[in-house]
Amino acid sequence: MSESVTITDNRTGESIEIPIVDGGVDAAEWRKLLPGVWFSDPGLATTAATPSAITELDGENGILRYRGYPIEQLAEHSTFLECAYLLVHGELPDQAQHDEWIEEITHHTYIHENFRKRINEAYHYDAHPMGLLTSAVAGLSTFYPEAKQIEDPTVRREQIVRLIAKMPTLAANAYRHSVGQPFVFPDNNVDYPTNFLRMMWQIGGPYELDPALQKAMEILLILHADHEQNCSTTAARVVGSAHADPYSSVAAACAALYGPRHGGANEAVLNMLDDIGSYDNVDAFIESVKAGEGRLMGFGHRVYKNYDPRATIIKNAAYDVFEVTGKNPRLDIALKLEEAALNDDYFVSRKLYPNVDFYSGLIYQSMGFPTEMFTVLFAIGRTPGWLAHWNEMLEQNSRIARPRQLYTGPDVRDYVPLANR
Ligand code: CMC
């Protein structure tokens, strides 16, 4: 059996045989036979935008691996910063590389005080922190003009370190501004999740963190660290393909993540659970979704069609958190919703299962995060993934992203002066 496809142009009878390589066919070959005939692929659902060696995602079998390592093993044994190193460099670090990486990240956590204060002043106290984060990330590019030297791997790596280091600082700053509390400066003596949670919550005296919450934060960051060519990563790649600097590319990714179909979904899940209000209203809510009156947020995924492996890990982590914080009162509604949906033909036939966002919001809320911060937490986690893909794209020397369209507008017509319309 030949590993290829044959395409015939029925208008001319001409054919072309295209080999299937790594599960894909080269569109450049198609173009040779059919110049000016474009693929129609809304949402790029059938398009492989790039070869990539970073993350393997097998939606049919619920598999997620970073550089070959199963997400389950990484969530259990690794740390977020180790996974970040893995995503960016391709291999797990040895001890010396590990120590150097931690040292580097730890010493780039500060942001310029003038910038931090000024950007806060520019926003209302009730500004959504994701809006503040997005513009703060974009603004950082002005502090590091050398970041424009995107062809220099050393300069690229420096910005990667800076961005991973500074995201928790920017995130905590956005939160403290929103609640009118003084900013807490980063502590270089504690690990990454502890430093972030401390910047979020410390007030007055010393800050003590329960190890179960530290571990849950670590797991949540690991689970979000990469997800191959998702919407925000694609946004970063598209902007990066124009050779914009990494801060602008990551700001574009933040903007995409802000949307409720993507990183905004966990916030939407909590709002949905609040709207449902009580256990007894679950059945009626399921019926309203089936009637097309809205979506069951936290369900469904473009790629996972059996289960989202991250959802399984996160559900277990949720119980560990609730041991410390007490059960989130919305948990019962969520569990009933999940059970009802998993047994309902509408959801089963469409292969709709809980995704990572279904439980992450409950954990975040139990840990004290307001819903507006949920997407910000996702952004901290996803930053290494965005940057690993941005870096890989530049190493591949790829072309500028510039898709085609199928024009469906009016044919040529003459301009009519306003007075005659
Ligand atoms: N609730 C009810 N029906 C749904 C849902 C849902 N959550 N998701 C999809 N459907 C239905 C949809 O109406 C359609 O039905 P029909 O064939 O009768 O028209 C069918 O399932 C296929 O839906 P689709 O919109 O073509 O699927 P998609 O692959 O384009 O969308 C999705 C994927 C994640 C955007 C979508 O499932 C969704 O909106 N889910 C809710 C939001 C959510 O939880 N997003 C987080 C995704 S995971 C985090 C991340 O990686 O960003």
Side-chain angles (χ1 to χ4, degrees), residues 40-47 54-60 62-64 66 71 130 220-236 252-273 275-276 282-315 334 337-364 371 374-386 389:
S40 173
D41 188 15
L44 305 178
T46 319
T47 296
I54 300 172
T55 287
E56 186 184 359
L57 205 169
D58 176 347
E60 289 305 321
I63 285 172
L64 174 61
Y66 297 160
I71 191 66
M130 208 44 207
L220 283 155
L221 291 172
I222 291 171
L223 295 185
H224 285 93
D226 194 38
H227 216 225
E228 50 120 299
Q229 311 302 321
N230 58 89
C231 179
S232 54
T233 301
T234 301
C254 287
L257 194 72
Y258 200 173
R261 282 182 168 184
H262 189 15
N266 50 17
E267 183 175 343
V269 170
L270 261 283
N271 294 335
M272 175 189 74
L273 293 176
D275 287 346
I276 295 173
V282 166
D283 291 336
F285 181 77
I286 292 277
E287 289 311 312
S288 72
V289 169
K290 286 160 65 178
E293 290 167 23
R295 288 200 167 187
L296 179 48
M297 300 312 287
F299 260 67
H301 199 274
R302 171 62 59 80
V303 182
Y304 294 122
K305 297 300 175 193
N306 268 322
Y307 68 95
D308 180 342
R310 302 168 301 171
T312 314
I313 299 169
I314 228 163
K315 194 171 172 182
L337 208 50
E338 181 183 7
E339 195 195 337
L342 292 180
N343 291 303
D344 191 302
D345 189 53
Y346 175 94
F347 297 93
V348 175
S349 65
R350 288 170 177 77
K351 302 192 171 192
L352 300 171
Y353 298 90
N355 59 48
V356 67
D357 290 320
F358 193 66
Y359 283 101
S360 61
L362 288 175
I363 302 184
Y364 293 146
T371 46
F374 293 179
T375 315
V376 174
L377 300 171
F378 193 157
I380 299 174
R382 187 55 57 87
T383 299
W386 290 331
H389 285 274

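Atoms within each ligand, like the ligands themselves, are counted from 1 in listed order. These numbers come from a predicted model, not from an experiment.
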Visitor: Counting only N and O atoms by type, is there a donor-acceptor contact under 3.5 Å from the side chain of S288 to the main-chain atoms of F285?
Guide: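 Here the side-chain-to-backbone pair exists.
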Visitor: On the 0 to 90° scale, with breaks at 30° and 60°, tag the F299-F358 ring pair as parallel, tilted or perpendicular.
Guide: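 Rings of F299 and F358: perpendicular, as their planes differ by over 60°.
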Visitor: Which atom pairs, nitrogen or oxygen on both sides, join ligand 1 and the protein at under 3.5 angstrom?
Guide:
unit_1   : atom_1 : unit_2 : atom_2 : d
ligand 1 : 1 (N)  : L296   : N      : 2.9
ligand 1 : 3 (N)  : Y346   : OH     : 3.3
ligand 1 : 7 (N)  : L296   : O      : 2.8
ligand 1 : 7 (N)  : F299   : O      : 3.0
ligand 1 : 15 (O) : R350   : NE     : 3.2
ligand 1 : 18 (O) : R350   : NE     : 3.1
ligand 1 : 18 (O) : R350   : NH2    : 2.9
ligand 1 : 25 (O) : R295   : NH1    : 3.2
ligand 1 : 25 (O) : R295   : NH2    : 2.9
ligand 1 : 29 (O) : R302   : NE     : 2.9
ligand 1 : 30 (O) : R302   : NH2    : 2.9
ligand 1 : 39 (O) : R295   : NH1    : 2.8
ligand 1 : 40 (N) : F299   : O      : 2.9
ligand 1 : 44 (O) : G298   : N      : 2.8
ligand 1 : 44 (O) : N355   : ND2    : 2.9
ligand 1 : 45 (N) : R261   : O      : 3.4
ligand 1 : 51 (O) : H301   : NE2    : 3.4
ligand 1 : 52 (O) : H262   : ND1    : 2.6

Visitor: What do the steps show when you test H301 against R310 for side-chain contact (heavy atoms from CB on, under 4.5 Å), and what is the final call?
Guide: CA-CA 12 Å; H301 199 274; R310 302 168 301 171; 3.8 Å; yes
Visitor: Under a 3.5 Å cutoff, is there a donor and acceptor pairing between the side chains of T233 and H227?
Guide: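 There is no such pair between these side chains.
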Visitor: Under 3.5 Å, is there a donor-acceptor pair between the E267 and Y364 side chains?
Guide: no
Visitor: Does R350 qualify as a cation-pi partner of F347, given the criterion of NZ or CZ under 6.0 Å from the six-membered ring centre and within 45 degrees of its axis?
Guide: no
